[in-house]
Asker: 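Sending over a structure as C-alpha cells; questions will come in a sec.
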2 protein chains.
Amino acid sequence: MAEPITIKDIANLCGVSIATVSRVVNNSPKGVGEKTVERIRKVIEEVGYRPNRLAQSMITKVTHTIGLVIPDVRNPFFSELVRGVEDVCNENGYSCFLCNTDGKLDKENEYIDILRDRIVDGLLFTTQNNKESNPAFLDFHRNKTPLCFIERYVDELPETPGVFFDNEGGAALLTQFVLDKGHRNIAFISGPLSTMNARMRKSGFMSTMQSNGVEVDARLVVEGNYRLDSGYAAVDQLLEHGKPKFTALIAGNDLMALGAYQALVERGYQVPSDISIAGFDNITYPAVFRPLITTIEIPGYKLGSCGTEMLIALMKGQPLAVTRQVFAAALRDKGSVVQI
Amino acid sequence: MAEPITIKDIANLCGVSIATVSRVVNNSPKGVGEKTVERIRKVIEEVGYRPNRLAQSMITKVTHTIGLVIPDVRNPFFSELVRGVEDVCNENGYSCFLCNTDGKLDKENEYIDILRDRIVDGLLFTTQNNKESNPAFLDFHRNKTPLCFIERYVDELPETPGVFFDNEGGAALLTQFVLDKGHRNIAFISGPLSTMNARMRKSGFMSTMQSNGVEVDARLVVEGNYRLDSGYAAVDQLLEHGKPKFTALIAGNDLMALGAYQALVERGYQVPSDISIAGFDNITYPAVFRPLITTIEIPGYKLGSCGTEMLIALMKGQPLAVTRQVFAAALRDKGSVVQI
DNA sequence: CCCGAGAGAGAAAACGTTTACTCGATCAGT
DNA sequence: ACTGATCGAGTAAACGTTTTCTCTCTCGGG
C-alpha cells in the first residue's frame with residue numbers, strides 16, 4: 001500500500017512551504033515567482049502528485065459531485081436521461097452518484113439522506129411521489145443546496161427549478177393528429193392517474209377532444225399502469241360489450257400501446273386498417289422491429305443534459321433565466337394511424 | 001445557508017467531549033457509560049446530526065464509494081449491469097459513480113484518473129481495450145485498491161479478479177444447436193475482432209464446427225462491428241457471388257442478426273424457412289415485437305451484482321474463493337432456427 | 001540615505017472527524 | 001487500608017488541504 005504523495009512531499013522536494021505548492025496547484029498566480037512555479041510544476045509532473053479531493057472538499061465545502069435519483073436505469077427513457085446527465089457532468093468536472101428508487105418513497109428518502117451525507121453539491125431528482133417528502137429533502141432546500149426536478153413537482157417546493165416535458169401539449173398534438181385523420185371515436189388508455197404525467201396526458205387528450213367539438217365516451221377512457229399487460233387488459237375492458245365502438249386508440253405510453261396492439265391482433269383486428277393505434281415515449285428499438293407505433297417523442301437525453309446544465313448553473317451561483325424549462329413535444333408518425 | 005451541525009455541537013449540547021460523541025456515533029461500546037450513550041443518542045436524534053463523511057474519510061481513508069466504468073449505459077446490457085451493481089452497492093452501504101466511456105481509451109483513462117482522485121474504495125471496469133492502460137490504472141493495482149473486471153482482461157494485470165461470461169461456451173452451445181437442426185453451411189458474422197468477446201465467440205463457433213467434422217467455408221465468415229448496419233452489410237458481402245451458400249447464419253450479437261434479417265428479407269428470402277438466423281445477447285424487448293431471434297442470453301444484472309459482491313469482499317479484505325467467476329451461457333430458442 | 005510599496009514566501013489556523021494516550025475515580029481483593 | 005484493575009471520559013494529534021496573516025526582501029523615489 002504505497003502511501004500516496006501529499007502536498008507536503010512536494011513541498012519538501014522543492015524546498016518550499018506547502019502554502020506555495022498549494023498556490024501553484026490552484027494556479028492562483030499571486031505571490032509565487034516565475035521560476036518557483038516552474039520548478040514546482042515540474043516536480044508535480046514528475047512524481048505524479050494529485051491533490052487529495054477529500055481534503056480539498058473539507059476546506060472548500062465543495063465536492064464537485066451530484067446525486068441523480070431516478071426510478072430505474074433499465075427503463076430506456078431513464079438510460080437516455082442518465083447518459084445526458086453524465087455527459088454534462090463530465091464536461092464540467094462533476095461526478096455523478098446514480099441512485100435507483102423503483103419509485104418507492106422509502107428508497108427515495110434513503111437516497112436523499114445518503115446523498116446529503118455525502119455532501120453532494122446538487123441533486124437531480126425524479127419520481128412519481130409528489131405528495132410526501134423527507135426532512136432531508138427539505139434540508140437540501142433550506143441549505144440552498146441546488147436542486148433540480150426532472151418531470152416532477154414536489155408540492156412543498158413549488159419554486160424549485162426543474163425540467164419538464166410538455167405532457168399535456170404532447171397529448172394534444174397526438175390527439176389532434178388522430179382527429180385530423182378523421183377519427184371521432186377514440187379510446188384512451190391513461191397511465192396511473194396518481195402520477196402527474198398521466199394526468200397531464202389525459203387532460204391534453206380530453207381538452208383537445210372538447211376543443212374540436214368531439215364528445216368523449218366515458219366508457220372509452222380507461223386507466224392502466226404504464227405496463228405492457230395493462231394495455232392488453234385495457235383492450236379487454238374496452239371490448240367488454242362486443243364490437244369496438246372506436247376506430248382509434250391512444251395509449252398513455254408505447255408499452256401499453258403495444259399491449260393493446262397484441263390484444264387487438266389476437267382478437268382478429270387489423271392494425272391500423274381496422275383500428276389505429278398511437279402511443280407516447282417513442283421507445284426506439286432497432287428499426288427492424290414491427291410493429292411501429294406512431295408516438296410522441298420524449299427527449300430523455302435532452303431532459304437530462306439540460307437539467308444538469310441548470311443544476312450546474314445553480315451550483316455556480318449563477319441566476320437562472322428560466323427556472324422551469326418545458327420541452328415541447330414532437331410527433332413521430334410511424335404509420336399506425338390511418339385516414340378514415 | 002444554515003451551517004451544518006457538527007460533532008462539536010453535539011458535544012457541547014451534551015456537556016461531553018467530541019471523543020465521547022464519536023464513540024457513540026460509531027457505536028464502539030467501549031468506554032462510555034450506559035446513561036451517557038443514551039443521552040447523546042437522544043440529542044443526536046433530536047437535532048438530526050449526521051457525521052460529515054468527508055471528515056470521516058480523511059481519517060479512515062475509506063469513502064464507501066466505488067467507480068463503475070462502462071461504455072454506455074444506454075446499451076441495454078449495461079443498463080442491466082448497472083442496476084445489478086447499484087443494487088448490491090446500496091445493500092452494502094456503498095455509493096456508485098457512473099462513468100460512460102463509449103469504449104474510448106482516452107475517456108477510460110480520464111475516468112480512471114478522476115476516480116482515483118476521488119479516492120474510491122474499489123473499481124468495476126469494462127471496456128474493449130485490453131492492450132494499453134493508463135498509469136493510474138496500474139496505480140490502483142499497485143496501491144491494492146480493489147479492482148474487478150467485467151468481461152475484460154487487461155493483459156498487464158493477469159491476476160486481477162473479474163466476472164466473465166463464457167462467450168466461447170455460448171457460441172459453442174449456439175453452434176451445436178444450429179448443427180443439430182441439420183445445418184451444415186453456416187455463415188458467421190463476428191463482432192470486431194479487436195475485442196476479446198468477439199474473438200471468443202468466433203473461436204467457439206470455429207471449434208464446434210470442427211469438432212463436428214464440418215468444414216467452415218472461409219468466405220462465409222465475415223467481420224462486423226456489433227452494430228445493426230454491419231449485419232446488413234455483411235449479408236451483402238455474403239451474397240456477393242449470387243445465391244447464398246448457407247442455410248443458417250449466426251451473428252456475433254442480436255443487433256447484427258437483426259440487420260442481417262432485414263437485408264435477407266429485403267432480398268426476398270424468408271426467415272427462417274429459407275435461412276435460419278441466430279444471435280447473441282438476448283436483447284429483450286416487449287414480447288410483441290417481431291422478429292424474434294434465437295439467441296444466447298448474457299446475464300447482465302447477474303454479472304453486475306456478482307462483480308460488485310466480489311469487489312465488496314475484496315474491499316473488506318476478505319480473500320476470494322474464486323477470483324475469476326465465469327457465467328455459463330443459456331440458449332433462448334425463439335424459433336428463428338428451423339430443422340432442415 | 002530613508003521610506004514605503006510590493007513581491008515572494010512561510011506560519012499557522014481551520015475544516016470535522018477518529019483514535020491513541022492519559023488520567024481520575026470506583027471497586028474488588030488481600 | 002492499600003494495590004491494581006477496570007471503567008468512563010477527556011486531550012490532543014493526525015488526516016491533507018486552503019487561506020489569512022505576517023514577515024522579509026528588494027527596489028524605486030524623494
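Throughout, a chain's letter reflects where its sequence line sits, starting with A, and its residues are numbered from 1.
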Asker: Looking for any heavy atom pair under 4.0 Å, which part of the strands does A:Val25 touch: base, sugar-phosphate only, or nothing?
Answerer: nothing

Asker: Which distance, rounded to the nearest 0.5 Å, do you find between the CG of A:Leu54 and the CD of A:Gln56?
Answerer: 9.5 Å

Asker: Please verify the inter-ring angle class for B:Phe125 with B:Phe149; under 30° counts as parallel, over 60° as perpendicular, anything in between as tilted.
Answerer: perpendicular

Asker: Do any side-chain nitrogens or oxygens of B:Ser22 fall under 4.0 Å of OP1 or OP2 in C:dT18?
Answerer: yes

Asker: Take A:Ser17 and A:Thr20 through the side chain to side chain donor-acceptor pair (under 3.5 Å) test and state the conclusion after the steps.
Answerer: CA-CA 5 Å; A:Ser17 75; A:Thr20 303; 3.3 Å; yes

Asker: Does the side chain of B:Tyr49 get closer than 4.0 angstrom to OP1 or OP2 of C:dT17 through an N or O atom?
Answerer: yes

Asker: Phosphate oxygens OP1/OP2 of D:dG10: is one of them under 4.0 Å from a side-chain N or O of B:Ser17?
Answerer: yes

Asker: Output the rounded distance in Å from CD (B:Glu34) to P (D:dG8).
Answerer: 9 Å

Asker: Base, sugar-phosphate alone, or nothing: which one does A:Ser57 contact when heavy atoms must sit under 4.0 Å apart?
Answerer: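 No contact.
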
Asker: Answer yes or no: does a side-chain N or O of A:Asn52 lie under 4.0 Å from OP1 or OP2 of D:dC15?
Answerer: no

Asker: For B:Ala55 and for B:Ile18, locate the closest nucleotide of DNA chain D by heavy-atom distance; then report the residue assigned to the nucleotide nearer the 5' terminus.
Answerer: B:Ile18

Asker: In whole angstrom, what separates A:Lys8's NZ from D:dT18's C1'?
Answerer: 14 Å

Asker: Does B:Asp72 come within less than 4.0 Å of B:Arg74, counting only side-chain N to carboxylate O?
Answerer: yes

Asker: I'd like to know if A:Asp117 and B:Arg53 make a salt bridge, using a cut-off of under 4.0 Å between side-chain N and carboxylate O.
Answerer: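 Judged by the 4.0 Å cut-off on N to carboxylate O distance, A:Asp117 and B:Arg53 do not form a salt bridge.
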
Asker: Just how far, in rounded Å, is P of C:dA20 from CG of B:Asn26?
Answerer: 12 Å

Asker: Rounding to an integer number of Å, can you tell me how far B:Ile119 CD1 sits from D:dC15 C1'?
Answerer: 10 Å

Asker: Classify the side chain of B:Arg23 versus the base of D:dG10 as yes if they form a donor-acceptor pair under 3.5 Å and no if they do not.
Answerer: yes

Asker: Within the structure, does a side-chain N or O atom of B:Thr20 lie under 4.0 Å from either OP1 or OP2 of D:dA9?
Answerer: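 No, because none of the side-chain N or O atoms of B:Thr20 sits under 4.0 Å from OP1 or OP2 of D:dA9.
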
Asker: Does OP1 or OP2 of D:dT17 have a side-chain N or O of A:Thr60 closer than 4.0 Å?
Answerer: no

Asker: Measure from CD1 on B:Ile44 to C1' on C:dT17 and round the result to the nearest Å.
Answerer: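 Distance check: B:Ile44 CD1 to C:dT17 C1' gives 13 Å.
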
Asker: Choosing from D:dG16, C:dT17, C:dA11, which nucleotide comes nearest the side chain of B:Pro51?
Answerer: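 Output: C:dT17.
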
Asker: Rounded to the nearest angstrom, tell me the gap between atom CD1 in A:Ile5 and atom P in D:dG16.
Answerer: 12 Å

Asker: Taking CG from A:Asn12 and C1' from D:dT17, how many angstroms apart are they, rounded to a whole number?
Answerer: 15 Å

Asker: Should A:Lys316 and A:Asp121 count as an ion pair when the cut-off is N to O under 4.0 Å?
Answerer: no

Asker: So, is A:Lys35 close to the C:dG8 phosphate, meaning a side-chain N or O under 4.0 Å from OP1 or OP2?
Answerer: no

Asker: Taking the side chain of B:Ile59 as its heavy atoms from C-beta onward, which of D:dT17, D:dT11, D:dC15 lies nearest to it?
Answerer: D:dC15

Asker: Without decimals, in angstroms, what is the distance between A:Gln56 CD and D:dT18 C1'?
Answerer: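 One finds 9 Å between C1' of D:dT18 and CD of A:Gln56, rounded.
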
